[in-house]
Amino acid sequence: NEPRHRRVPDSTRAHSKNQPEKSSGEYMMQQPTPEQIKNARLAAKMTQKQAAETLYINLKSWQKYESGDRSMYPAFFELFLIKTGQKTLD
């Protein structure tokens, strides 16, 4: 029996011809800081509860993102920006 998932060697991951380099600015969004998260919420004129509901997460999680107790995935932050009209789809 073969394992379901095979690990791809690190040397071939980022250098695939069909994938851009991870260091490219357009490929990977940087992890947002707690200040960026709070500022995005305030720019959207939302409470923490409303912001959490926008991403279908609980209030406590959002509060931890803003306090720096938990790191927000860049994709979550980008989704929040898109849903609140602060970023457009490319």
Side-chain angles (χ1 to χ4, degrees):
N1 289 344
E2 288 190 32
R4 288 186 196 176
H5 304 286
R6 285 190 239 161
R7 191 175 186 314
V8 177
D10 289 335
S11 61
T12 60
R13 251 183 228 179
H15 303 291
S16 169
K17 291 180 184 178
N18 296 328
Q19 283 187 336
E21 291 283 335
K22 285 189 177 182
S23 61
S24 139
E26 294 180 56
Y27 180 65
M28 287 203 60
M29 186 175 186
Q30 295 293 319
Q31 193 161 11
T33 64
E35 184 177 69
Q36 289 172 316
I37 295 166
K38 182 176 182 178
N39 288 341
R41 175 181 60 81
L42 294 174
K45 296 182 166 86
M46 290 183 162
T47 64
Q48 289 181 328
K49 186 175 191 297
Q50 291 168 325
E53 290 170 351
T54 300
L55 293 182
Y56 304 102
I57 61 174
N58 63 47
L59 173 60
K60 201 63 146 168
S61 292
W62 185 273
Q63 290 170 333
K64 287 181 179 184
Y65 291 145
E66 282 195 13
S67 70
D69 290 338
R70 178 183 287 175
S71 297
M72 180 183 277
Y73 290 114
F76 278 14
F77 186 60
E78 186 172 31
L79 178 62
F80 181 79
L81 295 177
I82 291 167
K83 289 182 81 171
T84 58
Q86 298 179 64
K87 180 180 168 99
T88 58
L89 294 174
D90 299 330

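Not measured: the values here are computed from a predicted model.
- Atom NZ of K87 and atom CG of L79 lie 11.5 Å apart (nearest 0.5 Å).
- For the pair Q86 (side chain) and A43 (backbone), a donor-acceptor distance under 3.5 Å is absent.
- Exactly one residue among E66, E53, K60, K38 makes a side chain to side chain contact (heavy atoms under 4.5 Å, CB included) with Q48. That residue is E66.
- No side-chain heavy atom of I37 sits less than 4.5 Å from a side-chain heavy atom of R41.
- Separating the OG1 atom in T84 from the NZ atom in K45 is a distance of 11.5 Å, to the nearest 0.5 Å.
- What you find for Q50 and M46 is that their closest heavy atoms are OE1-CA, 3.2 Å.
- Atom NZ of K83 is surrounded by more than 12 heavy atoms from other residues, nucleotides or ligands within 6.0 Å.
- Ring pair F80/W62 is tilted by interplanar angle, where 30° to 60° counts as tilted.
- Between L55 and M72 there is a side-chain heavy-atom pair separated by less than 4.5 Å.
- The shortest heavy-atom contact between P34 and G68 is CG-CA, 3.6 Å.
- Heavy atoms only, all atoms of each residue included: Q31 and P74 are closest at CA-CG, 3.9 Å.
- Atom OH in Y65 sits 5.0 Å away from atom CD1 in I57 (nearest 0.5 Å).
- L81 and Y73 end up in the same hydrophobic cluster when Ile, Leu, Val, Met, Phe, Trp and Tyr side chains are linked at under 4.5 Å.
- Minimum heavy-atom separation, S67 to D69: OG-OD2, 3.1 Å.
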